[in-house]
Visitor: 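Dumping the structure here so I can ask a few things about it.
Everything numeric here is computed off the predicted structure, so don't read it as measured data.
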Amino acid sequence: MKKLILASASPRRKRLLEQIGLKFQTDPSNIDEIVDPAFHPLEQVESFSLQKAQAVAPKYNSALILAADSMVAINGEVLGKPKDKEDATRMLRRLSGTQHSIVTGFTLIDTETKKSVTRSVETKVWFKKLSSEEIEAYITKEKPFDKAGAYGIQELAAIFVEKIEGDYFGAVGLPLFALVEELKKFGIQVL
């Protein structure tokens, strides 16, 4: 079996791969993620995941590179990672009482055959109306500055979620169902 390389430092993505029993090593890519407003959010995460995989692939002769990217989008506006507490507050106020989307794209590149695939999924999330006190307490406790949209659905922010539609694991950072289906095409079986 080919060596699997996760081109990410995300602890959430590492945990998800470990959860399904995959053996892998990490080699984070360091691309500049400059959002292009002309791209639809799904196109943007696909583009970033492809760039991340392409940045790491030349380091390996015979490996399968996996890269991913996630974003929160509301009414066409992309919410990246907050710069500071004020930015996180702004984002959470924007998401309060709304339906928004978490989009995640992933790319697999076989460095030997040059075969590659890029896919994305969208998960719709409905947030309850948040009070200023809840937003303040959440930011103070969680410090969500490394998370798109200033929250992680799998952590304390789960108490804000009224419902979701779509792939929960995609919302966490790696759509496991779609990923495993693609891994099979590259000769990697989970079961």
Visitor: Taking all heavy atoms of V121 and all of P175, pick out the closest pair and write down the distance.
Guide: CG2-CB, 3.6 Å
Visitor: Within a strict 4.5 Å, meaning less than it, do heavy atoms of the V125 and T98 side chains meet?
Guide: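 Counting from C-beta outward, V125 and T98 never come under 4.5 Å.
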Visitor: Excluding sequence neighbours, so at least two apart, what forms side chain to side chain contact (heavy atoms under 4.5 Å, CB included) with V180?
Guide: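 Side chain to side chain contact (heavy atoms under 4.5 Å, CB included) list for V180, sorted by chain: I20, K184, V190.
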Visitor: Do E33 and I31 have side chains that get closer than 4.5 Å, going by heavy atoms?
Guide: yes
Visitor: Quick check: closest heavy atoms across A57 and T111, and the distance to 0.1 Å?
Guide: O-CG2, 3.5 Å
Visitor: Answer with yes or no whether the hydrophobic clustering places L179 together with V117; edges join I, L, V, M, F, W, Y residues whose side-chain heavy atoms lie under 4.5 Å apart.
Guide: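 Yes, one cluster joins them.
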Visitor: Could you walk me through whether D27 and K59 pass the side-chain contact (heavy atoms from CB on, under 4.5 Å) check?
Guide: CA-CA 10 Å; D27 188 351; K59 299 179 185 180; 3.1 Å; yes
Visitor: Check L6 against L17 and note the closest heavy-atom contact, atom names and distance.
Guide: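 Closest heavy-atom pair between L6 and L17: CD2-CD1, 3.9 Å.
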Visitor: Would you check if R94 and E77 make a side-chain contact, meaning some heavy-atom pair closer than 4.5 Å?
Guide: yes
Visitor: Not counting sequence neighbours, list each pair that qualifies as a side chain to side chain donor-acceptor pair (under 3.5 Å) and has a residue in residues 153-173.
Guide: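 Listed once each, the pairs are K147-E155.
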Visitor: Would you confirm whether R13, through its side chain, and S8, through its main-chain N or O, come within 3.5 Å as a donor-acceptor pair?
Guide: no
Visitor: Taking the side chain from T26 and the backbone from P28, do they hold a donor-acceptor pair closer than 3.5 Å?
Guide: no
Visitor: Would you mind checking if E182 and R119 are paired as a salt bridge, meaning a charged N to carboxylate O distance below 4.0 Å?
Guide: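 Here R119 pairs with E182 in a salt bridge, since their nearest N and O are under 4.0 Å apart.
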Visitor: So if you build clusters from Ile, Leu, Val, Met, Phe, Trp, Tyr with side-chain heavy-atom gaps below 4.5 Å, do L156 and V161 land together?
Guide: yes
Visitor: Give, for atom CD of E46 and atom CD of Q51, the distance between the pair rounded to the nearest 0.5 Å.
Guide: 12.0 Å
Visitor: Rounded to the nearest 0.5 Å, what's the gap from NZ on K81 to CE on M91? Could you check?
Guide: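 Reported to 0.5 Å precision, the distance equals 11.0 Å.
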Visitor: Any side-chain heavy atom of L130 within less than 4.5 Å of one from L95?
Guide: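 No, side chains not in contact.
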Visitor: Take R12 and D146 through the side-chain contact (heavy atoms from CB on, under 4.5 Å) test and state the conclusion after the steps.
Guide: CA-CA 11 Å; R12 293 165 292 283; D146 67 332; 3.7 Å; yes
Visitor: Could you measure the distance from the OG1 atom of T123 to the CD1 atom of I153? Nearest 0.5 Å is fine.
Guide: 7.5 Å
Visitor: Taking all heavy atoms of V56 and all of S29, pick out the closest pair and write down the distance.
Guide: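 It is CG2-CB, 3.7 Å.
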Visitor: Begin from the C-alpha positions of K185 and D110 and carry the test salt bridge (charged side-chain N to carboxylate O under 4.0 Å, His left out) through to its verdict.
Guide: CA-CA 11 Å; K185 297 173 187 174; D110 184 321; over 6 Å; no
Visitor: State yes or no: do L174 and F186 share one hydrophobic cluster built from I, L, V, M, F, W and Y residues joined by side-chain heavy-atom distances below 4.5 Å, directly or via other members?
Guide: yes
Visitor: When you compare the side chain of I188 with that of L22, does any pair of heavy atoms fall below 4.5 Å?
Guide: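 Sidechains of I188 and L22: in contact.
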Visitor: Between T89 and E86, is there a side-chain heavy-atom distance shorter than 4.5 Å?
Guide: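 Not touching, per the 4.5 Å side-chain cut-off.
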Visitor: Output the distance between atom CD1 (I109) and atom CG (L50), rounded to the nearest 0.5 Å.
Guide: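 So the gap between those two atoms works out to 5.5 Å.
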Visitor: By the definition ring pair (Phe, Tyr, Trp, His ring centres under 6.0 Å), identify the one residue from F145, Y138, F127, F160 that meets it with Y151.
Guide: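 Considering F145, Y138, F127, F160, a ring pair (Phe, Tyr, Trp, His ring centres under 6.0 Å) with Y151 is found only for F127.
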Visitor: Do the non-hydrogen side-chain atoms of V72 and H100 ever get within less than 4.5 Å of each other?
Guide: yes
Visitor: Indicate the atoms forming the closest heavy-atom contact of I65 with A7, along with that distance.
Guide: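 Here I65 and A7 meet closest at CG2-CB, 4.1 Å.
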Visitor: Verify the neighbour count for atom NZ of K83: are there more than 12 heavy atoms of other residues, nucleotides or ligands below 6.0 Å?
Guide: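 Not buried by this count: 12 neighbours or fewer within 6.0 Å.
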Visitor: Taking all non-hydrogen atoms of both residues, which atom of K14 and which atom of F24 are closest, and how far apart?
Guide: O-CZ, 3.6 Å
Visitor: Does a salt bridge link E136 with K85, judged by any charged N lying under 4.0 Å from a carboxylate O?
Guide: yes
Visitor: Check this for me: does any side-chain nitrogen of one of K52 and D69 sit under 4.0 Å from a carboxylate oxygen of the other?
Guide: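 Looking at K52 and D69, the cut-off is met.
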Visitor: Does L66 form a side-chain contact (heavy atoms from CB on, under 4.5 Å) with F106? I'd like the steps, not just the answer.
Guide: CA-CA 7 Å; L66 167 61; F106 70 89; 4.2 Å; yes
Visitor: Is it the case that over 12 heavy atoms from other parts of the model lie below 6.0 angstrom from the CG atom of D84?
Guide: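 More than 12 heavy atoms, drawn from other residues, nucleotides or ligands, come within 6.0 Å of this atom.
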Visitor: Got L183 and L64 here, is their nearest side-chain heavy-atom distance under 4.5 Å?
Guide: yes
Visitor: Roughly how far, to the nearest 0.5 Å, is the NZ atom of K3 from the OG atom of S62?
Guide: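 If I round to the nearest 0.5 Å, the distance is 9.0 Å.
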Visitor: Please identify which of these residues, S49, S70, S120, meets the side chain to side chain donor-acceptor pair (under 3.5 Å) condition with T104.
Guide: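 The option that passes is S70.
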Visitor: Let's go through L92 and I139 carefully: what are the C-alpha distance in whole Å and the side-chain angles of both, what is the deciding distance for side-chain contact (heavy atoms from CB on, under 4.5 Å) to 0.1 Å, and is it a yes or a no?
Guide: CA-CA 9 Å; L92 291 169; I139 292 170; 3.8 Å; yes
Visitor: Rounded to the nearest 0.5 Å, what's the gap from OG on S101 to NZ on K124? Could you check?
Guide: 6.5 Å
Visitor: Please answer whether the main-chain N or O of S131 pairs with a side-chain N or O of E134 as donor and acceptor at a distance below 3.5 Å.
Guide: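 Between the backbone of S131 and the side chain of E134 there is a qualifying donor-acceptor contact (under 3.5 Å).
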